[in-house]
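What follows is a set of notes on a single structure, which appears directly below.
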Amino acid sequence: MVAKKSDWHEKADKEVRGKDLAWETPEGITIDPVYTAEDAADLDPGLPGFAPYTRGPYASMYTGRPWTIRQYAGFSTAEESNAFYRRNLAAGQKGLSVAFDLATHRGYDSDHPRVVGDVGKAGVAIDTVRDMEILFDQIPLDTMSVSMTMNGAVIPVLAFYIVAAERQGVSQDKLAGTIQNDILKEFMVRNTYIYPPEPSMRIVSDIIAYTSANMPKFNSISISGYHMHEAGATAVQELAFTIADGKEYACRAMEAGLDIDAFAPRLSFFWGIGMNFFMEIAKMRAARHLWHDVMEGLGAQNPKSKMLRTHCQTSGVSLQEQDPYNNVIRTTVEAMAAVLGGTQSLHTNALDEAIALPSDFSARIARNTQLVIQEETGVTKVADPLGGSYYVESLTSALIEEARKLLDEVEAAGGMTQYVASGKPKAQIEMAAAAKQASVDKGETVIVGVNKYRLPEEADIDTLDIDNHAVRQSQIARLGKVREGRDECACKAALDALARGAAQKEGNLLALAVEAARHDATLGEISQAMEDSYGRYDTVPKPVRGVFAAAYEEDSRYDQVVEGVRAVERRLGRAPKLMVAKMGQDGHDRGANVIASAFADMGFEVISGPLFQTPEETRDMALENNVDAIGASSLAAGHKTLIPGLIGLLREAGRPDIKVIAGGVIPQKDYDFLRDAGVQGIYGPGSNVVECAADVLRLLGHNMPPAEEES
């Protein structure tokens with residue numbers, strides 16, 4: 001007689017003295033400690049290559065060809081990036097994934113005054129077609145698959161790529177790769193948008209139309225859940241919102257007159273892969289099932305229209321500054337989840353990316369992680385080896401069910417554009433992020449080397465540093481040469497045609513931009529031609545409230561900090577004021593919003609500055625609101641220019657008493673530089689938010705006892 005699951009529960013309960021063995025995930029899914037055939041009795045996942053593609057889009061999967069190894073990278077100048085790409089390709093990498101700097105993302109040329117601290121940081125600076133030509137020098141664009149993570153300035157960047165290929169002798173129909181072109185998720189989490197939602201959606205549709213007609217090998221959009229994952233979304237949120245985004249793009253393209261089967265086979269997806277191993281595997285399987293059903297509902301006939309193909313990237317937010325060699329292990333686990341989930345291409349993060357751009361040393365380890373999995377483990381010998389697993393099939397089914405509930409909510413709101421405009425998805429993701437941070441800070445979620453098994457002293461690690469000033473000066477010099485050498489009248493005529501096309505809703509914006517690029521219009525000029533009609537979209541963060549207060553109910557240390565805030569309030573006659581500032585063009589605001597939420601719950605009056613401020617604008621807002629401290633959030637290496645600049649401006653204004661603290665991705669080697677510049681508190685990845693608040697209270701003159709003296 002075969003033992004039943006209930007028999008096992010009875011035996012296991014006795015072994016652990018009656019403890020509840022079930023676990024509830026952040027998605028609200030209850031995980032039992034064992035799964036049997038009963039749990040998967042009604043679940044038929046089918047076969048790889050057959051609808052609904054739960055087990056993979058292709059019948060042979062990796063047995064025929066392994067996934068494509070990519071490295072997402074861009075280093076300051078086109079020359080340095082090109083050299084890095086060529087080294088990696090020689091070492092076994094199969095495709096390129098280009099990371100652009102923040103000035104480029106936001107549609108500014110390198111000589112624009114708003115991007116003084118951003119040029120060459122967190123990616124490569126691209127101002128002209130000439131930059132793009134150098135970027136792909138000696139890299140044959142007719143045979144190399146190129147992925148470009150670009151959304152805000154997607155029109156000029158894709159136009160530059162097309163024209164650079166032309167100058168290399170490669171026609172558009174031979175170009176293969178992917179442009180991200182996923183603007184809806186930018187309004188939810190990443191914030192590297194330029195224009196308001198409606199004109200941004202026109203840009204998406206025009207790119208789908210242009211590539212469908214002219215670039216049959218090129219993926220016109222990569223619908224991204226990755227940035228939702230990095231912002232703190234649960235697996236259900238990432239699934240539902242990403243699938244809903246894809247549906248919205250498809251509907252907009254159909255409204256523009258395109259046949260769904262003419263463009264849908266070139267749509268692709270992009271998932272973030274975190275540390276909940278089986279959840280990530282199930283997420284990818286559920287996504288394929290859900291996308292199949294959505295596309296059938298929209299009337300797709302071509303089987304390729306219903307296949308969800310995806311790129312994956314291991315999680316950046318799971319990387320830690322503390323004990324960073326643990327990040328190699330984290331990335332390996334996440335890479336295995338992506339592979340067992342059936343990805344078509346994969347980027348593995350480098351161990352030092354919680355601190356800085358990857359070095360050649362760390363990038364080699366990240367790349368070799370994939371090579372080892374491909375060549376040494378045997379996982380490529382069987383298509384979907386976890387298919388039929390009681391646990392995996394049950395978890396996949398649960399994710400599908402939960403995601404459908406959220407998809408129904410989006411549909412009831414009128415589609416994803418309307419749902420995004422309501423602010424609901426952004427708020428839901430921020431709630432999840434705040435809850436996760438509170439769980440980490442309390443030690444309920446263990447991060448090895450951070451809140452458990454921590455080293456008594458951290459070892460130094462070499463990181464890559466970019467000379468922002470030198471990069472900017474070299475870019476400005478090249479910009480000058482391009483402008484001097486072009487036919488100014490022809491360039492102006494092409495830009496005017498683009499501006500009319502935007503204003504009058506005539507013509508295809510990408511086609512018009514390609515013509516402007518052929519006449520050497522700059523990225524900033526092409527972006528401005530559309531901005532004249534559309535305006536530039538701005539937003540002020542609205543952090544969630546109550547998550548930390550609920551998570552820390554009856555926590556003595558949290559109560560101690562709250563009482564400290566009240567003591568400062570009694571002394572000042574008002575609550576202490578903290579301004580949370582995001583200077584520069586970095587739109588990643590997870591850390592800033594978590595701090596704002598937590599500090600507000602602890603009793604601080606929190607003023608959230610708008611995204612993309614200059615140091616001058618931050619100073620003015622701080623003075624206007626008479627704040628006691630400014631928390632500057634930095635994730636894109638602008639801390640050595642923007643934060644010292646702000647401190648200097650406060651001193652000039654006669655307010656050196658305003659405390660400036662810094663948080664985010666800041667290498668330890670830069671701490672002394674920042675302290676010398678006047679920064680009074682530095683809080684890197686892994687910092688406990690409650691202890692950060694306690695430290696700020698000390699800076700404000702309150703005698704806050706250290707954590708070990710907790711009563």
Side-chain angles (χ1 to χ4, degrees), residues 24-30 52 54 182-191 193 196-202 204-205 208 221 223-229 231-256 258 260 264 267 269 271 282-283 285-300 305-306 308 396-435 537 539 541-547:
E24 185 169 292
T25 74
E27 293 78 14
I29 296 171
T30 299
T54 308
D182 176 7
I183 202 64
L184 284 174
K185 69 98 171 44
E186 298 294 329
F187 294 109
M188 278 188 273
V189 290
R190 190 162 173 259
N191 302 311
Y193 43 68
E198 278 303 327
S200 295
M201 290 298 288
R202 179 194 169 184
V204 172
S205 297
I208 292 173
I221 191 168
I223 305 147
S224 174
Y226 179 84
H227 300 99
M228 299 180 206
H229 178 279
T234 66
V236 167
Q237 290 167 346
E238 183 185 357
L239 257 181
F241 295 153
T242 306
I243 296 294
D245 281 351
K247 181 179 180 180
E248 186 83 345
Y249 295 134
C251 289
R252 291 300 183 106
M254 292 165 69
E255 288 169 9
L258 293 176
I260 189 169
L267 302 180
F269 284 76
W271 303 109
K283 179 180 75 180
R285 303 171 92 254
R288 288 191 289 268
H289 189 122
L290 288 165
W291 184 243
H292 167 270
D293 291 354
V294 165
M295 295 308 283
E296 277 218 324
L298 292 178
S305 298
K306 306 172 192 178
L308 185 152
T396 300
S397 177
L399 280 172
I400 291 169
E401 182 181 348
E402 292 303 313
R404 278 181 174 150
K405 294 175 186 176
L406 208 43
L407 283 165
D408 289 343
E409 189 176 313
V410 172
E411 194 69 21
M416 201 58 185
T417 302
Q418 294 297 319
Y419 198 62
V420 167
S422 74
K424 288 182 180 179
K426 186 176 180 66
Q428 289 178 49
I429 291 171
E430 288 181 9
M431 289 281 284
Y537 187 76
T539 186
K542 296 177 181 176
V544 297
R545 294 290 302 270
V547 174

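Just so it is clear, the model here is predicted, and its values are computed rather than measured.
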task: Please step through salt bridge (Lys or Arg N to Asp or Glu O under 4.0 Å) for the pair Glu402 and Lys405, ending with a clear verdict.
output: CA-CA 5 Å; Glu402 292 303 313; Lys405 294 175 186 176; 3.1 Å; yes
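- The shortest heavy-atom contact between Ala235 and Glu27 is N-OE2, 2.9 Å.
- For the atom pair OG1 of Thr234 and CZ of Phe241, the computed distance is 8.0 Å after rounding to the nearest 0.5 Å.
- Scanning all heavy atoms of the two residues, the minimum distance from Phe187 to Ser200 falls at CZ-OG, 3.9 Å.
- Contact record, Cys251 with Leu298: SG-CD2, 3.8 Å, taken as the closest heavy-atom pair.
- In this structure, OH on Tyr226 lies 14.5 Å from CG on Asp182, to the nearest 0.5 angstrom.
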message: Show, in sequence, the C-alpha distance, side-chain angles and deciding distance for Met201 and Glu255, and conclude whether the side-chain contact (heavy atoms from CB on, under 4.5 Å) test is met.
response: CA-CA 12 Å; Met201 290 298 288; Glu255 288 169 9; over 6 Å; no
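- Atom CD1 of residue Ile208 and atom CG of residue Leu267 lie 6.0 Å apart, to the nearest 0.5 angstrom.
- Proximity of Glu430 to Val547: side-chain heavy atoms (C-beta onward) are nowhere separated by under 4.5 Å.
- Looking at Met416, Glu248, Lys424, Lys247 one by one, the single match for side-chain contact (heavy atoms from CB on, under 4.5 Å) with Val410 turns out to be Met416.
- Shortest non-hydrogen contact noted between Ala432 and Gly232 is CB-O, 3.3 Å.
- Side-chain contact between Asn191 and Lys426 is present, with heavy atoms from C-beta onward closer than 4.5 Å.
- Under a 4.0 Å N-O distance rule, the pair Glu198/Arg252 qualifies as a salt bridge.
- Pairing each heavy atom of Met188 with each of Asp245, the nearest pair is CE-OD2, 3.5 Å.
- Between Gln237 atom CD and Leu406 atom CG the span is 7.0 Å, to the nearest 0.5 Å.
- Lys185 and Tyr249 make their closest contact through N-OH, 4.4 Å (heavy atoms, listed as atom of the first residue, atom of the second, distance).
- To the nearest 0.5 angstrom, His292 atom NE2 is 12.5 Å from Ile243 atom CD1.
- Atom CZ of Arg285 sits about 13.5 Å away from atom CG of Leu308, to the nearest 0.5 Å.
- Checking side-chain atoms of Glu238 against main-chain N and O of His229 turns up no donor-acceptor pair under 3.5 Å.
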message: Quick one, Leu407 with Leu290, criterion side-chain contact (heavy atoms from CB on, under 4.5 Å). Give me CA distance, side-chain angles, the key distance, then yes/no.
response: CA-CA 10 Å; Leu407 283 165; Leu290 288 165; 4.2 Å; yes
